[in-house]
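A quick write-up on the structure given underneath.
For the numbers below, each heavy atom of this structure counts, side chains included, while hydrogens, waters and symmetry mates do not. The structure presented is a predicted model; accordingly, all values stated were derived computationally and were not measured.
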Amino acid sequence: MVCDSELPEDDWTAVHRAVQETAPATPFVLLAYDDSVVSSALDAGITEYVLVNSDPEPYITAARRISHAAERYRATNGSANDEWGQSLLAETTDTICVVDDGGTIQYVSPSANRLFDGAGRDLKGETIESIVHPDDTERVREAFETVLASPDRAVTVQFRTRCGDGERNWVECRARNRISNPDIGGVVVTLTDISEHKHRERELRRFRAVIEQAGHAIYITDTDGTIEYVNPAFEESTGYSYEEAVGDCPNILNSGEHSSEYYASLWDTILSGNVWKGEVINERKDGHRYVIEQTIAPVEDAEGNIDRFVAINTDITQRKAYEQKLEQYEQIIENLPVGVFRTTPGESGEFVEVNATLVSMYDAYSKSELLDRNVSDFYADTDDRTAFSRRLCEEGSITGLEVEQETLAGERLQVSLTAMKTEEDGDVYFDGVLQDITERKRRERELERKNEQLEQFASIVTHDLRNPLNVAQSRLEIIEQRCESEEFGENVAIIDEQLVRMEELIEDVLAIARHGKRVEETEPMDLGALVESCWQTVETAEAEIIVDTDLTVEVDTSRAQQLFENLFRNAIEHGGRDVTVRVDTLPDGFYVEDDGPGIDPAERGSVFEHGFTTNESGTGFGLSIVQEIVDAHGWDINATAGTRGGARFEITGLDTDHE
C-alpha cells in the first residue's frame with residue numbers, strides 16, 4: 001500500500017488502520033512531506049517512507065523502497081500468500097491472463113474454466129486470438145498493438161470469445177503492458193464476462209426501438225405522476241414535444257370531460273398494483289379533442305415495489321366516429337319502411353341479418369325466429385327462390401323483381417326484390433331490400449278494372465250515343481232545308497245548338513275516359529313550335545298569341561296538343577274574341593296566360609273540377625281534361641292571376657332543356 005500523507009478528506013492514519021485490520025502483513029509505504037510525520041509513522045509500524053520535499057528524485061526512491069518491501073514480504077509470507085492468492089483468483093468472477101509480446105498466453109487464472117466452459121487449463125501456450133471470435137479478431141489485434149506501444153496506458157476493448165461448446169460470450173478486456181516487470185514479463189489481461197450485460201443491452205435497445213417506432217402514444221411517469229419519458233407517437237398525437245412533456249404531468253391533456261372521481265378511481269386502481277383500462281377524451285396542445293383507448297400498468301422494482309407507471313394510448317377518434325356513423329346507419333336501416341336482409345345464396349338460403357321491418361312484414365315474433373328459418377320458406381312458389389338465386393349469382397344484381405311470398409301467418413304478399421351479390425372474407429351473401437307492394441298491386445288491378453270500365457264506357461258512348469246523335473243532326477239538316485217558317489227556324493237553331501253542345505260533351509267525356517291514364521311514351525318537342533301548331537287548330541277569331549320560350553319538353557304529343565287547345569279555347573271563351581294569349585318559360589316549366597277578366601280567387605281551386613264552368617254554354621270539362629293530361633305527365637298545374645290581371649295557368653315539375 002502506497003499512501004500520501006496529505007489526503008483531501010482524511011489523514012493517512014485512517015488508511016493505515018484499515019490496512020492493518022484487513023491485511024496486517026501488507027507492506028505500507030508513506031510519502032511524507034514533513035519530518036514530523038516520520039516519527040509517528042514509524043511508531044505506527046509503517047514499512048517504508050519517502051521524504052518527498054527533501055529527496056531530489058522522490059519517486060525513484062519510492063519505487064526502490066516499494067520493491068525492497070515487496071521482496072521482504074515475499075520472503076516472509078511468500079508461500080502462504082501464493083496459496084491465498086491462487087484461491088482468491090479461483091473464486092473471482094474475472095479471468096486474468098498474462099500474454100507475452102507475441103500474443104501467446106503464458107498464464108491464465110483458474111476462473112477461466114467458468115468463462116470458457118472448462119477450457120481454461122488448455123489455453124496456456126495458445127495465442128490470444130485463439131479465444132477471440134473471428135469477426136472481432138482485427139479489433140483485438142489493434143488493441144494489443146496499442147498496449148505494446150504504450151506501456152503507461154491501459155486499453156479496454158469488448159469482444160466475443162470462442163467457447164468450448166461453440167457458444168459465444170461477450171467479454172470486456174482490460175489490458176496493461178507489464179513486460180518490463182521481471183515478476184510478470186507480459187501484458188496483464190483481465191477478462192470480465194459481460195454476456196448478460198450485452199443481452200440486457202440488446203433487449204433494452206430492442207425495447208427502446210420498439211417504443212420509439214410504436215404507433216401508440218406511450219409515456220412513463222413516476223409514482224407521483226411526473227412524466228419521465230414520451231415516445232415520438234406521443235409528441236405527434238398530443239402536439240407536445242418531448243421537452244414540454246417530460247417533467248410535467250398527464251394533466252396537460254385533461255379535456256375537462258371526466259370528473260375528478262373518474263381520475264381518482266384510475267389512481268386507486270394503479271396504485272393498488274392493478275392495470276387500468278378505459279376510454280379517455282383528451283385535449284391536444286392546440287385545443288383539439290380526441291378519444292384514446294388507454295392502458296396504464298404499474299412497473300415494479302426488484303423488491304416488488306411500484307417504481308413507476310407506463311401508459312399506452314391508442315387514438316380511436318376516427319374509430320369512434322365510424323362507430324357513431326355505423327350506429328346511425330344501423331338505426332336508419334332498422335327503421336326503414338322496407339325490409340332489409342342479408343342471406344346466404346342457394347335454393348333454400350339462410351337469413352344472416354334482417355331489420356325490424358322484415359320481421360314485422362313476415363309476422364315473426366323476433367329476428368331470431370327469422371334467423372332460424374330458410375328463406376325459401378317464405379316463397380309462395382319455391383321455384384321463384386331457385387330462379388332468383390340462380391339469376392343473382394349469374395348477374396350480380398337484380399332490381400325490382402316482383403314475386404309472391406307468404407308470411408308465417410299464411411298471408412300472401414306481393415313483394416318487390418332488389419338485391420346484389422357481395423363477398424366478404426371469402427363468403428358470398430345476398431344483400432338487398434324487400435318492399436311490400438301488395439296494396440300497390442291491388443290498386444293497379446283496381447285501376448285496370450276501372451280503365452276497362454272506362455274503355456267500355458267509351459265504346460258505349462261511341463256506338464250508342466254518337467250514332468243516334470249523327471242521325472238527329474242529319475235529320476235536322478233536312479228539316480232546315482224544307483221548312484222556311486221563321487218561328488220554326490228559331491226552334492231548329494236551338495235544337496242544332498244543343499246537338500252541337502251534346503257532341504262537345506261526348507268528345508270531352510271520351511277524352512277523359514281515354515286519356516286519364518298515365519303517359520308511358522314521350523318524345524322531345526320544341527315547345528314553341530308545338531304551341532304555334534295548336535293555335536292554328538283553334539277558332540281564334542281576332543285573338544293574338546305571343547310565344548316567348550325556347551324549351552324542349554318530353555311529352556305525349558297528341559295529349560299535349562289537347563292541353564294547349566283547351567287552354568286556348570278557355571282563354572277565348574272567357575277573355576273575348578280579341579284576347580291576347582302569352583306562353584312563356586318558368587324555371588321548371590311554362591305558363592299560359594291571357595289579358596282577359598281572370599278567375600275569381602275564390603274559384604281558382606275549383607276550376608279543374610269536372611263540370612265546373614262560369615259559362616252557360618260551356619261543358620265544364622275543358623280544364624278538367626287539362627288537369628288529367630298534366631297529371632298523366634307527372635306535372636303540376638296551378639291557376640293564378642296573370643301579369644295583366646287575366647287568367648294564368650302555371651305548369652311545373654318538368655324535365656326541361658333550354659336551347
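- Across all their heavy atoms, Gln294 and Val280 have their closest contact at OE1-CG2, 3.8 Å.
- By the side-chain contact (heavy atoms from CB on, under 4.5 Å) test, Val433 is found to be paired with Val338, Val340, Thr418, residues two or more places apart in sequence or in another chain being considered.
- Atom CZ in Arg390 sits 9.0 Å away from atom CG in Asp383 (nearest 0.5 Å).
- Pairs passing the salt bridge (Lys or Arg N to Asp or Glu O under 4.0 Å) check and including a residue from residues 535-548, sequence neighbours excluded, read Glu542-Arg577.
- Distance alone, capped at 3.5 Å, is enough to place a donor-acceptor pair between the Asn231 side chain and the Ile218 backbone.
- Rounded to the nearest 0.5 angstrom, Thr585 OG1 and Leu551 CG are separated by 4.0 Å.
- Applying the salt bridge (Lys or Arg N to Asp or Glu O under 4.0 Å) test to residues at least two apart or on different chains, the pairs with a partner in residues 414-424 are Arg342-Glu424.
- For residues 341-369, every residue pair satisfying the ring-ring contact (aromatic ring centres under 6.0 Å, His included) rule, not counting sequence neighbours, is listed here: Phe351-Phe378, Tyr362-Phe378.
- Atoms NE2 and CG, on His574 and Asp594 in that order, are 9.5 Å from each other to the nearest 0.5 Å.
- Ser368 meets the side chain to side chain donor-acceptor pair (under 3.5 Å) test with Ser366; sequence neighbours excluded.
- Checking side-chain atoms of Ser389 against main-chain N and O of Arg385 turns up no donor-acceptor pair under 3.5 Å.
- Applying the side chain to side chain donor-acceptor pair (under 3.5 Å) test to pairs two or more places apart or on separate chains, those with a residue in residues 327-341 are Glu334-Lys367.
- Inter-residue side-chain proximity for Thr382 and Glu347 is flagged as unmet; no heavy-atom pair is nearer than 4.5 Å.
- Side chain to side chain, Asn638 and Thr640 fail the donor-acceptor criterion of an N or O pair below 3.5 Å.
- Proximity of Thr407 to Leu413: side-chain heavy atoms (C-beta onward) are separated by under 4.5 Å at one or more points.
- Classification of Arg391 and Glu395 as a salt-bridged pair holds, one side-chain N sitting under 4.0 Å from a carboxylate O.
- To the nearest 0.5 Å, atoms CD (Gln627) and CG (Asp636) are separated by 8.5 Å.
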Please test Thr357 against Val359 for side chain to side chain contact (heavy atoms under 4.5 Å, CB included), starting from the C-alpha separation and ending with a verdict.
-> CA-CA 5 Å; Thr357 303; Val359 173; over 6 Å; no
Give the intermediate values and the outcome of side chain to side chain donor-acceptor pair (under 3.5 Å) for residues Ser255 and Glu283.
-> CA-CA 5 Å; Ser255 65; Glu283 186 172 284; 5.9 Å; no
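- Leu530 places none of its side-chain heavy atoms less than 4.5 Å from the side chain of Asp526.
- Annotation: ring-ring contact (aromatic ring centres under 6.0 Å, His included) contacts involving residues 389-417, sequence neighbours excluded, are absent.
- Counting only distance, with no hydrogens or angles, the side chain of His633 and the backbone of Val555 share no donor-acceptor pair below 3.5 Å.
- Inter-residue side-chain proximity for Trp635 and Asp588 is flagged as unmet; no heavy-atom pair is nearer than 4.5 Å.
- Across all non-hydrogen atoms, the minimal contact from Cys393 to Phe430 is SG-CZ, 3.7 Å.
- Nearest heavy-atom pair, Ala419 versus Leu392, reported as atom, atom and distance to 0.1 Å: O-CD1, 3.6 Å.
- Residue pairs meeting the salt bridge (Lys or Arg N to Asp or Glu O under 4.0 Å) criterion with at least one partner in residues 251-260, sequence neighbours excluded, are Glu257-Arg289.
- Using modelled atom types, no side-chain atom of Ser533 and backbone atom of Ala529 make a donor-acceptor pair closer than 3.5 Å.
- For the pair Tyr240 (side chain) and Ile252 (backbone), a donor-acceptor distance under 3.5 Å is present.
- Two residues are said to be in side-chain contact when any heavy atoms from C-beta on lie closer than 4.5 Å; Phe568 and Thr540 fail this criterion.
- Between Val415 and Leu401 the shortest side-chain heavy-atom distance does not fall below 4.5 Å.
- Comment: Glu446 does not engage Arg442 in a salt bridge, judged by the lack of any side-chain N to carboxylate O separation of less than 4.0 angstrom.
- Counting only N and O atoms by type, the side chains of Thr314 and Glu293 include no donor and acceptor under 3.5 Å apart.
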Given Arg440 and Gln414, is the side chain to side chain contact (heavy atoms under 4.5 Å, CB included) satisfied, shown in steps?
-> CA-CA 9 Å; Arg440 191 192 81 190; Gln414 293 291 327; over 6 Å; no
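- Under a 4.0 Å N-O distance rule, the pair Arg445/Glu448 does not qualify as a salt bridge.
- More than 12 heavy atoms of other shown residues, nucleotides or ligands fall within 6.0 angstrom of atom OH in Tyr263.
- Atom CD1 of Ile629 and atom OG of Ser624 lie 10.0 Å apart (nearest 0.5 Å).
- Sorted by first then second residue, the salt bridge (Lys or Arg N to Asp or Glu O under 4.0 Å) pairs that include residues 640-651, not counting sequence neighbours, are Glu593-Arg648, Arg648-Glu650.
- Applying the ring-ring contact (aromatic ring centres under 6.0 Å, His included) test to pairs two or more places apart or on separate chains, those with a residue in residues 538-566 are Phe564-Phe590.
- Looking at Tyr429 and Thr343, their side chains never come closer than 4.5 Å, going by heavy atoms from C-beta outward.
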What donor-acceptor contacts under 3.5 angstrom involve side-chain atoms of residues 370-377, with partners at least two apart or in another chain?
residue	atom	partner	partner atom	Å
Arg373	NE	Asp377	OD2	3.4
Asp377	OD2	Asn374	N	3.3

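- Annotation: the span from Lys320 atom NZ to Ile292 atom CD1 amounts to 12.5 Å, rounded to 0.5 Å.
- With hydrogens and angles ignored, the 3.5 Å screen pairs no side-chain donor or acceptor of Gln324 with any backbone N or O of Ala321.
- Between Glu444 and Lys441 a salt bridge is recorded (basic side-chain N to carboxylate O distance below 4.0 Å).
- Distance alone, capped at 3.5 Å, is enough to place a donor-acceptor pair between the Asn355 side chain and the Leu358 backbone.
- Minimum interatomic distance between His216 and Ile312 (heavy atoms only, all atoms of both residues): CB-CG2, 3.8 Å.
- When every heavy atom of Cys534 is checked against every heavy atom of Gln561, the shortest pair comes out as SG-CA, 3.5 Å.
- A donor-acceptor contact closer than 3.5 angstrom is absent between the side chains of Thr522 and Asp556.
- Using modelled atom types and a 3.5 Å distance limit, the side chains of Glu565 and Thr537 yield a donor-acceptor pair.
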What's the verdict on side chain to side chain donor-acceptor pair (under 3.5 Å) for Thr438 and Asp436, showing C-alpha distance, side-chain angles and the deciding distance?
-> CA-CA 6 Å; Thr438 306; Asp436 185 352; 2.6 Å; yes
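- Contact of the Phe388 side chain with the Val403 side chain is not registered, since no non-hydrogen atoms from C-beta on lie closer than 4.5 Å.
- Every residue meeting the side chain to side chain donor-acceptor pair (under 3.5 Å) condition with Arg412, not counting sequence neighbours, appears here in chain and number order: Glu404, Glu406.
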